[in-house]
> 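Pasting a structure here, questions to come.
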Amino acid sequence: MTPFEFLLPYSLDEALSLLDPEDPNIRPVGGGTAVMLMMKAGVLHPTRLISLQKIGDEHASVGVNTEGDLVIGGLARLADIECHAAVRKDWPLLSQALRGVANARVRAVATIGGNLRHADPHLDMPPVLAALSARVVITGPKGSRTVNAEDLCTGYYETVVERDELITQVTVPPQAGPGHYLKLTTRAAHDWPALGLAVVLKMVHGQVEKAHFFTGAATDRPTRLVQAQTLIEQRGFEPDALRAAGEAAVHEAPLMGDAHGSAEYKSQLLKTALPRAIDIALRRSRSHA
Ligand SMILES: Cc1cc2nc3c(=O)[nH]c(=O)nc-3n(C[C@H](O)[C@H](O)[C@H](O)COP(=O)(O)OP(=O)(O)OC[C@H]3O[C@@H](n4cnc5c(N)ncnc54)[C@H](O)[C@@H]3O)c2cc1C
C-alpha cells in the first residue's frame, strides 16, 4: 500500500483548508466504509485522508427546525437518523429505507455526507431523498450553497460537489404524504439493489395531487419518472392507470444492466415495482390513519 497522511482536523474550516481542488488523491473521510473498500479494491490510492470525525458535534446532529424541516448534519450517522424519534414518526419513508441499507454495523459508522458524495448508482438513499424533495448544503472555501437532492448526482460516482467542498447538511421538508421505498435485490434483502424505487404521494381529499417517483440502481443516477408521475396524477390509482404507469416508467428510464441483472431484467422489475410500491404506500398510510 502506498503510504498516506491521515489528518484529524478540529473544525470545518481546518478540514476545508486541507482539501485540494486539483488532487483526486486527497479525500475527506466520514465513516470510511466506502473509502476503505475502494482502497482495498485498489481503485483509490490516497496521498492524504482527512477525517471529519472531530470537526464538531453540531455537524453530526439530527433535529427539526422551526419550519418543521428535518435538519441532518453532514456527519450524522445513518443509524442515528434511522433511530431518531422525529424521523420514525414524521418521516416514515426515511426510516423505512434506512433500515434496509447494508447492515447495522455499516449504518452505525456510515455518514449521510459520505453516502451522498459516494454516488454509487446503487445507493438507496439518493432516490429516497430526491423523492422527499430534500436539499443538500455544500460548503467550500467560498461559503455554502444548496442544491436539490434530485440534482446532486450527475453520473456514475459523480456529483456536483467539488474536490475542495464538503456536504455539511441535508434538509428534508415534511413528508408530503404516503411513501415507500422498494428495494429489489437478487440475494439477501439488505444487499445492494438491482432496482430501487422511491415513491411519495401528496394526497388531497383522497386524490393524488402530486406524485414523486425516483428510480435508482438501474440507472446511473437517481432518475425522476416524469411520465409515470403525470399518468398517476391525471388518472389516479385505478388498476389500468397503475399498469400504464409501470409501462411508462420502463420507456422513459435509461435502464442499464450490471452485475445485479440485465437492462431487460430490470425493466421487468420496474414495470411491476411501480404499482407495487404505490399500493404498499397507500395501504400503509391507511393502516396508520
Ligand atoms: C458491506 C457493505 C454493504 C453495503 N450495502 C449497501 C446497501 O445495501 N445500500 C446502500 O445504499 N449502501 C450500501 N453500502 C454503502 C454505504 O452506504 C456507504 O459505504 C456509506 O454510506 C458511505 O458513507 P461513509 O460515511 O462511510 O463514506 P466514506 O467512505 O467516508 O466516504 C465516501 C466518499 O465520500 C467522500 N466524503 C465523505 N464524507 C464527505 C462529506 N461530508 N462531504 C463530501 N465528501 C465526503 C469521501 O472522500 C469518499 O469519496 C454498503 C457498504 C458496505 C461496506
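Every number for a ligand or one of its atoms is a count from 1 in the order of the listing. Just so you know, residue 1 is the first one in the sequence shown, and it goes up from there. Source: prediction; values computed, not measured.
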> Are more than 12 heavy atoms, taken from residues, nucleotides or ligands other than Asn65, located less than 6.0 Å from that residue's CG atom?
yes
> Using a plain distance cutoff, I'd like to know if Val35 has any nitrogen or oxygen under 3.5 Å from a nitrogen or oxygen of ligand 1.
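Yes, since at least one N or O of Val35 sits under 3.5 Å from an N or O of ligand 1.
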> Could you tell me the separation between the CD atom of Glu247 and the OG atom of Ser267, rounded to the nearest 0.5 Å?
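So the gap between those two atoms works out to 9.5 Å.
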> Are Met38 and Leu49 connected into the same hydrophobic cluster when the rule is that any two of I, L, V, M, F, W, Y join if their side-chain heavy atoms are below 4.5 Å apart?
yes
> Name the option, out of Ile26, Leu44, Ile55, Thr33, that contains the heavy atom nearest to atom 18 (C) of ligand 1.
Thr33
> In terms of residue, atom name and distance, what is the protein heavy atom nearest to atom 28 (P) of ligand 1?
Gly32 N, 3.5 Å
> For Leu16 and Asp164, which heavy atoms make the closest approach, and how far apart are they?
CD2-O, 3.8 Å
> Using a heavy-atom cut-off of under 4.0 Å, does the side chain or the backbone of Leu52 touch ligand 1, or both, or neither?
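Side chain only; the backbone of Leu52 stays clear of ligand 1.
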> Only heavy atoms count here, so choose which of Thr159, Val106, Asp120, Thr168 is nearest to atom 1 (C) of ligand 1.
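Nearest heavy atom to atom 1 (C) of ligand 1 lies in Val106.
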> When rounded to the nearest 0.5 angstrom, what is the spacing between CD in Gln268 and CG in Leu184?
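Here the interatomic distance stands at 12.5 Å.
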> Please report whether ligand 1 has a polar contact with Pro193, defined as an N or O pair separated by less than 3.5 Å (distance criterion only).
no
> Can you list the atoms of ligand 1 that are under 4.0 Å from a heavy atom of Val29?
30 (O)
> Are any of the N/O atoms in Leu166 less than 3.5 Å from those in ligand 1?
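Between Leu166 and ligand 1, no N or O pair is found under 3.5 Å apart.
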> Looking at Asp191, which atoms of ligand 1 are within less than 4.0 Å of one of its heavy atoms?
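Answer for ligand 1: 8 (O).
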> Of all the non-hydrogen atoms in the protein, which one sits nearest to atom 3 (C) of ligand 1, and at what distance?
Ala102 CB, 3.7 Å
> Indicate yes or no: does an N/O atom of Ala34 lie under 3.5 Å from an N/O atom of ligand 1?
yes
> Test Glu150 against every option in Arg224, Arg135, Arg221 by the salt bridge (charged side-chain N to carboxylate O under 4.0 Å, His left out) rule and name the one that passes.
Arg224
> Do Arg235 and Asp240 meet the salt-bridge criterion of a basic N to acidic O distance under 4.0 Å?
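Arg235 and Asp240: not salt-bridged.
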> With a heavy-atom distance limit of 4.0 Å, tell me whether Lys183 approaches ligand 1 through its side chain, its backbone, both, or neither.
side chain
> Taking side chain as C-beta onward, heavy atoms only, is Met256 less than 4.5 Å from Asp220?
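Heavy-atom side-chain distance check passes, below 4.5 Å.
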> Tell me: protein heavy atom nearest atom 37 (C) of ligand 1, and distance?
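Minimum-distance protein heavy atom for atom 37 (C) of ligand 1 reads Gly114 CA, 3.4 Å.
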> For Ala134, is there any backbone N or O sitting under 3.5 Å from a side-chain donor or acceptor partner on Thr171?
no
> Hydrophobic clusters here meaning ILVMFWY residues chained together by side-chain heavy-atom distances under 4.5 Å, can you tell me if Ile278 and Val208 are in one?
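In one cluster: yes.
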> For ligand 1, is there an N or O atom under 3.5 Å from any N or O atom of Pro28?
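Min N/O separation from ligand 1 is below 3.5 Å for Pro28.
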> So, does Lys183 use its side chain to make a donor-acceptor pair with the main chain of Asp124 at under 3.5 Å?
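Pair absent, no side-chain N/O of Lys183 close to backbone of Asp124.
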> Counting from 1, what ligand 1 atoms have a heavy atom of Asp124 closer than 4.0 Å?
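Close to Asp124: 7 (C), 8 (O), 9 (N), 10 (C), 11 (O).
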> Suppose we measure from atom 24 (P) of ligand 1 to each protein heavy atom; which comes out shortest, and what is that distance?
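Answer for atom 24 (P) of ligand 1: Gly31 N, 3.5 Å.
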> Find all atoms of ligand 1 within a distance of less than 4.0 Å from any non-hydrogen atom belonging to Arg27, and give their numbers and elements.
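Heavy-atom distances to Arg27 below 4.0 Å select 47 (O), 49 (O).
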> Is any side-chain N of the basic residue among Lys210 and Glu233 closer than 4.0 Å to the acidic one's carboxylate O?
yes
> Less than 3.5 Å between some nitrogen or oxygen of Ile167 and one of ligand 1, yes or no?
yes
> With distance as the sole test, does Glu252 use its side chain to make a donor-acceptor pair with the main-chain N or O of Gln227 at under 3.5 Å?
yes
> Which atoms of ligand 1 are found less than 4.0 Å from any heavy atom of Leu37?
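The atoms of ligand 1 under 4.0 Å from a heavy atom of Leu37 are 53 (C).
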> Please report which non-hydrogen protein atom sits nearest to atom 44 (N) of ligand 1, along with the residue it belongs to and the distance in Å to one decimal place.
Arg117 CG, 3.0 Å
> Distance check, rounded to the nearest 0.5 Å: Leu19 atom CG versus Glu162 atom CD?
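Rounded to the nearest 0.5 Å, the CG-CD separation comes out at 12.0 Å.
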> I need the nearest protein heavy-atom contact for atom 50 (C) of ligand 1: residue, atom name and distance, please.
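That would be Trp192 CZ2, 3.4 Å.
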> Quick check: does Gly113 get an N/O under 3.5 Å from an N/O on ligand 1?
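Between Gly113 and ligand 1 (N or O atoms, distance only) the closest approach is not under 3.5 Å.
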> Looking only at N/O atoms, are Asn115 and ligand 1 under 3.5 Å apart anywhere?
yes
> Should you measure from each heavy atom of His190, which atoms of ligand 1 turn up under 4.0 Å away?
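What qualifies from ligand 1 is 8 (O).
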